[in-house]
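One structure below.
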Number of protein chains: 2
Amino acid sequence: MKIDPDSSKDLSAQIAAAIRDAIISGKLPVDERLPSETELSEQFEVSRSTVREALKRLAAQSLIRTQRGATGGAFVNRLRFEDAYGQQITTSTLLLSMNSVSFRTACEARYALERACAPLAAERRTADHLATMRAEAHRQAQPGLTDEAFCASDVAFHRALVDAAANPVLSYQLAGAVEAMQPLMNMITFSARDRATIIDLHTQIANALDQHDAETADALLVQLSDYTQSLAESVFAARAAQKADVT
Amino acid sequence: MKIDPDSSKDLSAQIAAAIRDAIISGKLPVDERLPSETELSEQFEVSRSTVREALKRLAAQSLIRTQRGATGGAFVNRLRFEDAYGQQITTSTLLLSMNSVSFRTACEARYALERACAPLAAERRTADHLATMRAEAHRQAQPGLTDEAFCASDVAFHRALVDAAANPVLSYQLAGAVEAMQPLMNMITFSARDRATIIDLHTQIANALDQHDAETADALLVQLSDYTQSLAESVFAARAAQKADVT
DNA sequence: AGACGTTTAATTGTCTGACAAATGAAAATT
DNA sequence: AATTTTCATTTGTCAGACAATTAAACGTCT
């Protein structure tokens with residue numbers, strides 16, 4: 001094991017890449033212990049600090065975990081869906097904010113993906129999922145709820161919908177899309193009438209899933225999507241007008 | 001700026017988290033230069049090595065980039081969709097392999113997501129997208145193509161379909177689902193007849209999109225999904241039988 | 001003044017060596 | 001046999017050094 005010292009990349013990046021490839025290819029199975037930092041530094045012929053930087057890179061991606069002590073070391077981490085959610089959400093949120101993705105685009109993606117879940121959710125939803133969805137709808141109806149709390153509950157409702165599809169791959173992929181929308185949703189002010197409309201649709205969606213009625217659920221999601229889009233547009237239009245007044 | 005040295009986490013993890021939060025919250029805008037490693041080590045009251053390990057963690061997530069030299073340093077990175085694709089694919093692939101997700105589950109997720117794209121793709125597909133899809137379908141028909149090359153072309157076809165939806169958020173989310181399927185697809189042996197059926201469906205899908213016919217495209221995707229599932233089942237059943245014979 | 005090479009200062013990348021802290025295993029003690 | 005102590009191993013942190021890189025500042029020549 002030797003590393004090209006003339007490459008354009010850092011040594012620690014190259015070493016991280018080498019170990020990452022070994023993990024992805026399956027050469028290093030889950031829970032396998034890597035050689036100690038000292039051993040790795042000998043194998044790659046670099047200093048221990050360089051090896052450590054490489055290991056930190058891998059740890060940041062949850063590819064390894066480390067443990068101190070006599071029997072400690074770095075171990076290949078079983079990447080769990082729950083662990084990946086956080087990273088997925090962070091990345092999605094940053095992607096949206098840093099690339100100034102429009103509300104329209106993000107909303108379109110989110111509802112397109114949710115509609116993909118609806119038929120499966122209608123088939124497989126458990127009493128638990130329905131209870132969660134209805135509890136969130138109820139929470140959304142409480143007076144005195146801040147816009148942020150309303151949005152947070154909205155996210156919880158939609159996550160329950162996605163989870164009802166009982167497909168971990170879908171849940172993982174959609175966690176990013178749904179949660180990353182929250183900052184954008186928070187830019188909207190919801191009037192009492194707006195909220196009532198949304199809560200009504202939420203309740204109807206829960207009912208449709210209860211009845212295993214995929215078509216109705218899908219139609220309701222389309223309504224919700226359209227309503228959200230129009231709401232956002234009117235809010236942004238109002239703001240633009242206000243800005244024009246000031247100028 | 002001080003870090004709790006008694007926390008359960010590593011100092012470098014805490015510092016990385018602090019900087020990450022500053023980036024996510026927008027306190028550190030894109031292209032902003034972080035203080036130099038020496039300055040950071042003074043601010044956080046830790047050694048330079050610890051700061052470096054923290055920075056490597058952030059670099060592994062593409063949150064920062066570093067540059068050497070007089071005007072160098074660490075800069076907040078604009079996270080681009082293209083950069084995020086790679087990580088998304090790596091993570092998705094590992095999630096599937098490490099959690100032994102069944103072919104059925106992964107396939108279901110993939111086609112559910114693709115069907116979500118179909119209506120948008122039917123509306124917005126450009127001549128470019130159609131050309132790519134048809135070129136891949138043509139490649140798939142070439143004799144002597146290995147199963148792996150066939151699968152790779154299949155992935156390229158479906159990526160073109162997803163990209164035709166012209167929604168970067170969807171493209172990003174689906175890149176993981178589509179690409180992560182490839183290792184699973186590679187486990188299947190495609191007979192000439194299997195390939196012909198798939199290529200025919202691919203061609204029909206391209207035609208449906210050409211005609212802006214979302215419903216037909218959707219129906220074809222359902223067919224393709226069902227066919228892939230049945231193909232996988234028969235392959236796995238045959239293997240199980242063979243294994244039982246040997247035993 | 002402007003073009004062109006040189007020096008210089010700042011910054012990251014790498015290395016070395018050291019010690020602290022954690023942790024399980026082995027040894028010693030009760 | 002149970003408990004305590006010791007010990008070896010390994011990661012976490014620190015300090016200091018030097019190399020490599022880079023752009024700006026400086027000089028020099030035309």
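Reminder, nothing fancy here: chain letters follow the sequence lines and each chain counts from 1.
Between A:T50 and C:dG13 there is no side-chain N or O to OP1 or OP2 distance below 4.0 Å. Residue B:R33 places at least one side-chain N or O closer than 4.0 Å to OP1 or OP2 of C:dT11. For the pair B:T71 and C:dA10, the criterion of a side-chain N or O lying under 4.0 Å from OP1 or OP2 is not met.
With C:dG13, D:dG12, D:dC14 as the choices, the nucleotide that has an atom nearest any side-chain atom of B:D10 turns out to be D:dG12. Comparing D:dT11, C:dT23, D:dA23 by their nearest atom to the side chain of A:A70 picks out C:dT23.
At the heavy-atom level, A:S49 lies under 4.0 Å from base atoms of the strands shown.
The separation between B:R48 atom CZ and C:dT14 atom P is 11 Å, rounded to whole Å. Note: CG (B:L11) to P (D:dG12) measures 11 Å, nearest angstrom. Separating the NZ atom of A:K9 from the P atom of C:dT14 is a distance of 13 Å, rounded to the nearest angstrom. We find that CZ of B:F44 is positioned 13 Å from P of D:dC14, with the value rounded to whole Å. Protein atom CZ of B:R68 is 5 Å distant from nucleotide atom C1' of C:dG13, rounded to whole Å. Atom CD of A:E39 and atom C1' of D:dT10 are 10 Å apart (whole Å). When rounded to the nearest whole Å, the span between CD of A:E42 and C1' of C:dT16 equals 14 Å. To the nearest angstrom, C1' of C:dA18 lies 14 Å from CZ of A:R52.
Take the nearest nucleotide of DNA chain C for A:E53 and for A:G69: the residue whose nucleotide is more 5' is A:E53.
Here B:R110 pairs with B:D154 in a salt bridge; the nearest charged N to carboxylate O distance falls below 4.0 Å. A salt bridge does not link B:R78 with B:E32: none of the charged nitrogens is closer than 4.0 Å to a carboxylate oxygen. Here B:E108 pairs with A:R124 in a salt bridge; the nearest charged N to carboxylate O distance falls below 4.0 Å.
With a 6.0 Å cutoff to the six-membered ring centre and a 45° limit on the axis angle, B:R139 does not count as a cation-pi contact of B:F157. At least one cation-pi condition fails for B:R159 and B:Y172: the charged atom is not both under 6.0 angstrom from the six-membered ring centre and inside a 45 degree cone around its axis.
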